Protein chains: 2
Amino acid sequence: MADSVVLDPVDLHLLRVLQNDARTTYRDLAAQVGVAPSTCLDRVARLRRSGVILGHRLQLDPAKLGRGLQALLSVQVRPHRRELVGPFVERIRALPESRTVFHLTGPDDYLVHVAVADMTDLQRLVLDEFTARREVARVETRLIFQQWDCGPLLPPPPPGGAPAGGSPSA
Amino acid sequence: MADSVVLDPVDLHLLRVLQNDARTTYRDLAAQVGVAPSTCLDRVARLRRSGVILGHRLQLDPAKLGRGLQALLSVQVRPHRRELVGPFVERIRALPESRTVFHLTGPDDYLVHVAVADMTDLQRLVLDEFTARREVARVETRLIFQQWDCGPLLPPPPPGGAPAGGSPSA
DNA sequence: TTTGAAATTTGTCTGGT
DNA sequence: ACCAGACAAATTTCAAA
């Protein structure tokens, strides 16, 4: 069920346009991709059903919301057992400051991306919500100078990519 | 221009609903928030103009796109001078595997979140695109077991928050 | 600034190619 | 699978409060 899905060039084109602006109308979508609007509807509905499209998210500016300081917290949880890490993750996820939580390989078990108002707020967060917890063995804080969101997420080209004059299968 | 913006309770309510589903219609939005649809339109347009809302993003499932393996790469760039790091960041941002690039405080200058097809692909990426570059002094790779996106990003409550029975201003 | 209703644009469905 | 057209529903405008 988590396996990958076959996407033809039309699907890819749709996804590429929608990732630039997820509210493009089906009419514009159709014009850009070169199929009829009703076909777009069909395709997009299929992509949602197959789980490729998970949903639509609003992209907000943290600074404009008074959360101008962002940081990454590396957290060691000891002992690293299910009955401890389950509640830990749930608690951290519920913090209004948390943006993303990663469970990682390596010596640092978790990486938490947080957005706070200022340094005072960050200090409070680290002391009260992380190091105060018994299962948290160590927290390392790194501030984020700048962050870039990269291009759209697209499937990798097949290993034996088709060259220009390649394999006429007729 | 990056300063925070005053948001009244209606704006906050709108943002909270839209972050759960950015395609909620203005009609439903109006019903949930308790104002007229045309007011919602006005408010949302204002939020876009003021830069609080940056855009609408499609949320895709990397595994369904054949990118089932994600990792975080910590990168040291030496010497850390503008004429080296500028092109470095641009090159990394342009990689189809890159999802986010962070410039950080601390010994690791950059953290790059990547999505790849498999281990072979990850090895290729690290060797060919990172360690092969002269300015890259060191790369540390950590795999992502699991990742949680956290609740909506909302402004922090004001320091002197209004208590329950507070300040009847009439 | 907000509203309610009119005008316009979109989303959705049906049936045909 | 795709397309075209028709209907329903949503968005957007606008005059008035």
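Here is how names work: the chains are called A, B, and so on, in the same order as the sequence lines, proteins then strands, and each is numbered from 1. Since we're looking at a predicted model, the values are computed, not measured.
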Next on the checklist: Just to be sure I understand the rule, does R43(B) reach a base, reach only the sugar-phosphate, or reach nothing, if contact means heavy atoms closer than 4.0 Å?
Outcome noted: sugar-phosphate
Checklist entry - Using 30° and 60° as the class limits, which term best fits the ring planes of Y110(B) and H103(B): parallel, tilted or perpendicular? => result parallel
Checklist outcome for this item: From CZ of R48(B) across to C1' of dT12(D) the rounded distance in Å is 15 Å
Checklist entry - Quick one: D42(A) CG to dC13(C) C1', roughly how many Å, whole number? => result 11 Å
Checklist entry - Within the structure shown, what part of the strands sits under 4.0 Å from T25(B) by heavy-atom distance: base, sugar-phosphate, or nothing? => result sugar-phosphate
Next on the checklist: Measure CG/D28(A) against P/dT9(C) and give the value in whole Å, please.
Outcome noted: 12 Å
Item to check | Toward the 5' end of DNA chain D, by each residue's nearest nucleotide, S38(B) or A36(A) | outcome: A36(A)
Checklist entry - To the nearest Å, how far apart are H56(A) NE2 and dG11(C) C1'? => result 13 Å
Item to check | Between P of dT3(C) and OH of Y26(B), the distance in whole Å | outcome: 16 Å
Next on the checklist: Between the side chains of R142(B) and D109(A), is the shortest nitrogen-to-carboxylate-oxygen separation below 4.0 Å, so that they form an ion pair?
Outcome noted: no
Next on the checklist: What is the distance, to the nearest angstrom, from the CG atom on L41(A) to the P atom on dA6(D)?
Outcome noted: 18 Å
Checklist entry - Within the pair R46(B) and dT1(C), is there a side-chain N or O less than 4.0 Å away from OP1 or OP2? => result yes
Item to check | Test item: L111(A) and L111(B) side chains (from C-beta on) under 4.5 Å apart, heavy atoms | outcome: yes
Item to check | d(CZ, R27(A); P, dT12(C)) in whole Å | outcome: 16 Å
Item to check | Spacing between R23(A) atom CZ and dT11(D) atom C1', to the nearest angstrom | outcome: 9 Å
Next on the checklist: Check this for me: does any side-chain nitrogen of one of D149(B) and R93(A) sit under 4.0 Å from a carboxylate oxygen of the other?
Outcome noted: no
